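First up is the structure itself, then whatever we jot down about it.
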2 protein chains.
Amino acid sequence: MAAATIKDVAREARVSVASVSRALNGGGGVTAATSARIHAAAERLQYIPHAAARMLITRRTHTIGALLPDLYGEFFSELIRGIDLAARACGLHLLVSSSHGGAAEAAAAVRSMQGRVDGLLILSERVDATFLRANLPKALPVVLLNSAVSGPAFHVLNIDNHGGAVAMVRHLLQAGHRSVALIAGPPGNFDASERERGYREAMAKHAPRAALTVVAGDFTEESGYRAGHELLARARRPRAVFAANDMMAVGCLAAFKDAGVRVPEDIALAGFDDIPIARYVTPALTTVRVRIADFGRLALERLADVVEHPGQESPSADTPGFEIVVRDTCGGTRPEENS
Amino acid sequence: MAAATIKDVAREARVSVASVSRALNGGGGVTAATSARIHAAAERLQYIPHAAARMLITRRTHTIGALLPDLYGEFFSELIRGIDLAARACGLHLLVSSSHGGAAEAAAAVRSMQGRVDGLLILSERVDATFLRANLPKALPVVLLNSAVSGPAFHVLNIDNHGGAVAMVRHLLQAGHRSVALIAGPPGNFDASERERGYREAMAKHAPRAALTVVAGDFTEESGYRAGHELLARARRPRAVFAANDMMAVGCLAAFKDAGVRVPEDIALAGFDDIPIARYVTPALTTVRVRIADFGRLALERLADVVEHPGQESPSADTPGFEIVVRDTCGGTRPEENS
DNA sequence: AGCCCGCGTGAAAACGTTTACGTTGGCGCC
DNA sequence: GGCGCCAACGTAAACGTTTTCACGCGGGCT
């Protein structure tokens, strides 16, 4: 038997479809008595409004789309978690679409989401302003995550890469380490460049006379391992190393272990992200934790706001908080761990 | 300017809307010439069919819903990844809905997905056969993941908990350890009970004279830690410990370390899941890896099949493969690591 | 030559909902 | 008591698509 429609409910409750719609959607204009009769009828028939029909007439899908490059690893797991939680809180559905390497794929994904979503959450390296303008109807609300595109045209939400890096480098310096080297992230990457900027800025401010040491990396464990060996081979070893993300720090730690260099006695080490593994390597990794789930939540709330009140003011620079999580790899004083 | 509709395209191409629909949906009955004209017009107007209208008339959403208990951690990250990949391959959208602790929440989630999806992928402890029958229109295709509900009524897809446990226990025994203890998972849990069943079966078969040792756990790191101490306090320490999941194994490892017990010299240890952390603890954890992404892929493909060909035969017992990943905690011979 | 078939096309119904607009009845007010 | 107004409710249009049906027409068959 096919699902009950609004007409069935109307017939059952001996009213018109209009009254059913009004009673069920709460928009007044219905006697308490009839409303009760309608609700009873709906309950009896197990009536569930047909979402598509409602979308069609309302032009609202109550769904937001999340466009991600790939959801491999803990970062995206946490991100989606935060987004999902917030979506549920806002009464919105979440349509995810990930794993598009190329711009063409991303374009196809965007296009296929047309009309299924009220707004779009986009986190992708490939996506820049021109791409967006080419592939998006400008009516569709969009919030960009961790994106280099700026300007008042789009809403952007970034992790505090810069602030976190500054805080960590300052922490290392204040722990007594004179020189801090950086293992950088991949060249084109926005997060990577922001973290490097933070490193340079903090060094310039708090250790203006120290030499800057930057070795290349690409956010992978292997690149961290290589970078670790490269640092050890240098004439003047740094006293501390700040890896632009945790995976590289883990690789670097392995390199130090293999070389018989003690951490943190011989050299201090810190990462960025606070992935779960950071807690379990030995010694446990000092890192900067960014509240990824909060990040996702903020992004969705912002998008929901834009969807609800279109044509509002230009983007505010909201960022989720971060914390320096001091564990065993950085030496110096060790405040309590904030779990 | 509002988005172009099929009528606009029809006017632009000087044909009727019916022909536009036919031309664009590929279902013959249109001259090559007119088809070309229609495609050109559609291109010119940037026409994108309105998804809701299509759903309404077609009764197909080209979307499948994934109902998960919570997407915290690597397991769900991988699972969604596999599902998403397969969904893209099948040309389906993915609507996720997670984080429903209670049955009431799950029911609400299911209800709100009504009409938005062609099928449902459900992974939830709370969901049993009666719940499903109460909350689902029986027309909606459903595939249950890792669920205890059996019978021909529903399609079920399970991880090979039993097989993995059997294989691991056998491996430990063949590595020369006489006695193997089990750190069990939470009592009501389906995965946990299946793994315990595998443990008992393998012990009965390969070490019928050995004593069975089972200590309680609940899949958390803390419970593993407690279990580790409990095992050490026993009069007769087992030679090997099989933890029903990796997190407990990690906790147990910490307990052994704290107690000065060497792994694997004094006691061997193995886990289940192969979470990323397993590789990074020292010594690296031997465990059984289940291909979670494959699991998600299989589940979605199965669901897509059911959606496409409804009323087919009862569920086949498809399960994703697993591998014993031998690392450093189990002693004995060490084959190559298969990464 | 007449007939029928099939192909290309158009008109219109249908999907289930919301909502603008009538229509009714009851009630207060003069 | 009549007039008008408001609340409650019904009617019907509209959303954008697919799909069924009918129509015209050209050509191959008998």
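All of these numbers come straight from a predicted model, not from anything done at the bench. Lettering follows sequence order; numbering is per chain, from 1.
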*Specify the closest pair of heavy atoms between A:Leu140 and A:Val117, including all atoms of both residues, with the distance to one decimal.*
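A:Leu140 and A:Val117 have their closest heavy atoms at CD1-O, 3.9 Å.
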
*Nearest-Å distance, NE2 (B:His62) to P (D:dT18)?*
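Rounded to the whole Å, the gap is 10 Å.
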
*asked:* For the residue pair B:Arg116 / A:Thr63, report whether a side-chain donor-acceptor contact shorter than 3.5 Å exists.
replied: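 Side-chain D/A pair, A:Thr63 to B:Arg116: present.
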
*Do you see a donor-acceptor pair shorter than 3.5 Å between the side chains of B:Asp118 and B:Thr61?*
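Yes.
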
*Please list every stem that involves DNA chain D, where a stem is a run of 3 or more consecutive Watson-Crick or G-U wobble pairs with both pairing distances under 3.5 Å.*
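So far as stems of 3 or more pairs are concerned, DNA chain D shows C:1-30 with D:1-30.
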
Examine distances only and state if a side-chain atom of [X] and a backbone atom of [Y] form a donor-acceptor pair shorter than 3.5 Å.
X	Y	answer
B:Ser193	B:Phe190	yes
A:Asp191	A:Asn146	no
A:Thr5	A:Lys7	yes

What pairs of nitrogen or oxygen atoms, one from the protein and one from nucleotides 15-19 of chain C, lie under 3.5 Å apart?
| unit_1 | atom_1 | unit_2 | atom_2 | d |
| --- | --- | --- | --- | --- |
| C:dG16 | OP1 | B:Arg59 | NH2 | 2.9 |
| C:dT17 | OP1 | A:Tyr47 | OH | 2.6 |
| C:dT17 | OP1 | A:His50 | N | 3.0 |
| C:dT17 | OP2 | A:Ile6 | N | 2.4 |
| C:dT17 | O5' | A:Tyr47 | OH | 3.2 |
| C:dT18 | OP1 | A:Asn25 | ND2 | 2.8 |
| C:dT18 | OP1 | A:Arg54 | NE | 3.4 |
| C:dT18 | OP2 | A:Ser21 | OG | 2.7 |

*Go through the steps to decide whether B:Asp294 and B:Arg297 satisfy the test salt bridge (Lys or Arg N to Asp or Glu O under 4.0 Å), and finish with yes or no.*
CA-CA 5 Å; B:Asp294 276 1; B:Arg297 183 178 54 74; 3.7 Å; yes

Protein N or O to nucleotides 24-28 of chain D N or O, pairs below 3.5 Å:
none

Just to verify, what does [X] make a side-chain hydrogen bond (donor to acceptor under 3.5 Å, both in side chains) with, not counting sequence neighbours?
X	value
B:Asp160	none
A:His50	B:Arg59
A:Asn135	A:Arg111

*Can you tell me if the side-chain N/O atoms of A:Thr31 get under 4.0 Å from OP1 or OP2 in D:dC9?*
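Result: yes.
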
